[in-house]
Amino acid sequence: MGSQVSKQVERRKAISTEKKTLCDLHQNCGEEFPGCDYKPSDRKNWMAGINPEKVHINKIVWPGTHDSATNKIGFPAITRPFAQCQSLSIYQQLVKGTRVLDIRIQEDRRVCHGILLTYSIDVVINDVKKFLSETQSEIIILEIRTEFGHEDPPDFDKYLVDQLGEFLIHQDEHVFNKTIAELLPRRVICVWKPRKSPQAKAGSPLWNAGHLKDNWIDTDLPSTKFESNLKYLSEQPPVSTRKFFYRVENTVTPQADNPVLCVKPVTRRIHGFARLFITQCFAKGVADRLQIFSTDFIDEDFVDACVAATYARVEGKA
């Protein structure tokens with residue numbers, strides 16, 4: 001018992017030390033980067049506001065959400081706090097400016113996070129289509145994967161094509177060098193990541209797992225996650241040459257050996273340092289590698305920071 005208490009004390013010290021490390025870095029380095037003062041006048045249509053004829057797909061810093069469809073997961077006040085990573089619906093996230101969605105599903109086409117279930121994938125698709133019907137130039141990356149420990153839903157690739165066919169941007173590596181305007185009226189890059197079913201091939205309406213990569217670090221230590229994000233990002237090719245999307249996530253996650261197991265208080269340890277991360281990307285010479293940047297509980301400032309970095313690239317300031 002005593003060793004367990006001692007371990008928890010050390011864990012709390014480590015978390016406190018790492019939070020202070022990021023606070024000190026923020027105080028010393030600030031959060032200014034090229035274009036950082038830019039704010040979209042309309043987050044719902046921020047891509048249109050920058051100019052679709054000038055915005056190349058590989059120049060976008062895509063604001064994304066982690067475990068996007070968990071706003072109603074589990075039971076309120078019982079299991080939900082342990083799995084909820086977003087409080088907004090998919091439609092609300094898109095209106096706020098989110099352009100990359102991370103959806104986990106199981107064999108019955110229900111969204112899940114681990115063993116906890118929520119609504120059908122139909123809810124996600126309907127929210128996406130509602131948003132697309134209300135906008136004209138916004139491109140979405142829709143990543144859907146079979147959650148670990150679950151089976152692929154039968155014929156799910158056919159379901160996605162039936163539901164989104166007219167909007168789907170087909171798998172083609174030339175897409176990375178095209179502008180938004182050149183892709184319209186198609187507006188969804190749908191990355192389907194089954195566990196056992198065949199992966200989509202070149203030319204297919206869907207994209208395969210090789211086109212959206214990340215290096216997920218499962219930790220509740222904010223400075224550890226921050227530094228690992230920078231390290232792995234630095235190892236990627238620049239966005240101008242690579243033919244896949246690469247994601248870093250401004251999140252930390254609860255650990256079983258720590259008494260704080262609810263998502264929100266844990267991920268808040270890093271949540272406010274998104275602009276600092278972009279600033280450090282510029283300071284360390286890896287800003288040309290930044291592409292998808294995702295978070296829990298997305299807010300306006302996170303979106304604005306990603307849009308500002310995109311604007312700086314499009315205008316030749318970064």
Side-chain angles (χ1 to χ4, degrees), residues 35-72 84-103 111 119 121-144 163-164 166-169 175 178-191 212 245 247 249-250 271 274-275 278 290-315:
C36 64
D37 291 334
Y38 179 84
K39 287 190 176 183
S41 59
D42 178 6
R43 294 184 186 92
K44 185 177 181 179
N45 292 281
W46 69 260
M47 289 182 171
I50 292 179
N51 189 343
E53 294 184 356
K54 294 175 64 175
V55 183
H56 287 79
I57 296 301
N58 61 9
K59 287 188 176 181
I60 298 170
V61 178
W62 302 76
T65 49
H66 166 244
D67 262 308
S68 304
T70 53
N71 56 307
K72 293 186 177 181
Q84 184 184 47
C85 298
Q86 307 297 330
S87 56
L88 302 176
S89 71
I90 295 299
Y91 173 76
Q92 290 169 331
Q93 291 174 42
L94 292 169
V95 169
K96 193 179 286 287
T98 301
R99 294 296 177 267
V100 180
L101 299 171
D102 160 26
I103 310 296
V111 178
Y119 40 67
I121 190 64
D122 292 340
V123 175
V124 174
I125 299 298
N126 289 339
D127 272 11
V128 168
K129 291 198 286 190
K130 178 181 179 182
F131 175 78
L132 293 172
S133 73
E134 296 173 356
T135 56
Q136 294 183 333
S137 302
E138 307 304 299
I139 303 291
I140 298 168
I141 298 176
L142 174 61
E143 178 199 31
I144 306 182
Q163 291 292 317
L164 296 169
E166 64 181 307
F167 297 110
L168 292 173
I169 298 167
V175 165
K178 291 186 176 182
T179 64
I180 290 174
E182 289 175 315
L183 296 177
L184 297 177
R186 298 184 180 273
R187 298 168 54 198
V188 178
I189 296 172
C190 185
V191 183
L212 203 169
F245 296 101
R247 171 174 52 206
E249 298 195 83
N250 194 58
H271 189 269
R275 284 184 179 267
I278 297 175
L290 184 62
Q291 195 166 51
I292 296 176
F293 196 25
S294 293
T295 189
D296 292 323
F297 302 105
I298 196 164
D299 57 27
E300 289 88 350
D301 189 66
F302 185 90
V303 170
D304 290 353
C306 295
V307 176
T310 303
Y311 175 77
R313 281 180 177 172
V314 172
E315 295 299 318

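Everything numeric here is computed off the predicted structure, so don't read it as measured data.
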Treating [X] as the side-chain partner and [Y] as the backbone partner, does any N or O pair qualify as donor plus acceptor under 3.5 Å?
| X | Y | value |
| --- | --- | --- |
| W46 | G97 | yes |
| T179 | K54 | no |
| T295 | I298 | no |
| Q291 | V61 | no |

Between [X] and [Y], is any pair of side-chain heavy atoms under 4.5 Å apart?
| X | Y | value |
| --- | --- | --- |
| I139 | I60 | no |
| L164 | L142 | yes |
| I57 | I180 | yes |
| S68 | D102 | yes |
| V123 | Y91 | no |

If you round to the nearest 0.5 Å, how far is [atom2] of [Y] from [atom1] of [X]?
| X | Y | atom1 | atom2 | result |
| --- | --- | --- | --- | --- |
| K39 | D37 | NZ | CG | 9.0 Å |
| L212 | I292 | CG | CD1 | 4.0 Å |
| T98 | F131 | OG1 | CZ | 9.0 Å |
| L132 | D127 | CG | CG | 11.0 Å |
| I140 | C190 | CD1 | SG | 10.5 Å |
| L101 | I90 | CG | CD1 | 5.0 Å |

Inset, instruction - Return the set of residues passing ring pair (Phe, Tyr, Trp, His ring centres under 6.0 Å) with F302 (not counting sequence neighbours), or none when no residue passes. - result: F293
Legend entry - Counterpart residues, ring pair (Phe, Tyr, Trp, His ring centres under 6.0 Å), relative to Y311 (two or more places apart): Y38
Inset, instruction - Test salt bridge (Lys or Arg N to Asp or Glu O under 4.0 Å) on E138 and K44 and set out the steps. - result: CA-CA 8 Å; E138 307 304 299; K44 185 177 181 179; over 6 Å; no
Legend entry - K129/Q163 under side-chain contact (heavy atoms from CB on, under 4.5 Å): CA gap, chis, key distance, verdict: CA-CA 9 Å; K129 291 198 286 190; Q163 291 292 317; 3.1 Å; yes
Legend entry - Criterion salt bridge (charged side-chain N to carboxylate O under 4.0 Å, His left out) against R43, the qualifying member of D301, D299, D304: D304
Inset, instruction - Start with the C-alpha gap between V307 and I50, add the side-chain angles, then the distance that decides, and say whether side-chain contact (heavy atoms from CB on, under 4.5 Å) holds. - result: CA-CA 9 Å; V307 176; I50 292 179; 4.0 Å; yes
Legend entry - Residue from E249, R99, Q86, Q93 passing side-chain hydrogen bond (donor to acceptor under 3.5 Å, both in side chains) with T65: Q93
Inset, instruction - Before giving the answer on side-chain contact (heavy atoms from CB on, under 4.5 Å), spell out for L94 and T135 the whole-Å C-alpha distance, their side-chain angles and the decisive distance to 0.1 Å. - result: CA-CA 11 Å; L94 292 169; T135 56; over 6 Å; no
Heavy-atom pair with the smallest gap, counting every atom of [X] and [Y]:
| X | Y | answer |
| --- | --- | --- |
| R247 | E143 | NH1-OE1, 2.8 Å |
| P52 | A48 | CD-O, 3.6 Å |
| S89 | N71 | CA-ND2, 3.7 Å |

Other residues, nucleotides, ligands: >12 heavy atoms within 6.0 Å of [X] [atom1]:
| X | atom1 | value |
| --- | --- | --- |
| K96 | NZ | yes |
| K72 | NZ | no |
| E182 | CD | yes |

Inset, instruction - Let me see the working for H66 and D296 under side-chain hydrogen bond (donor to acceptor under 3.5 Å, both in side chains), right down to the final yes or no. - result: CA-CA 5 Å; H66 166 244; D296 292 323; 2.7 Å; yes
Inset, instruction - Determine, stepwise, if the pair I121 / V124 fulfils side-chain contact (heavy atoms from CB on, under 4.5 Å). - result: CA-CA 5 Å; I121 190 64; V124 174; 3.9 Å; yes
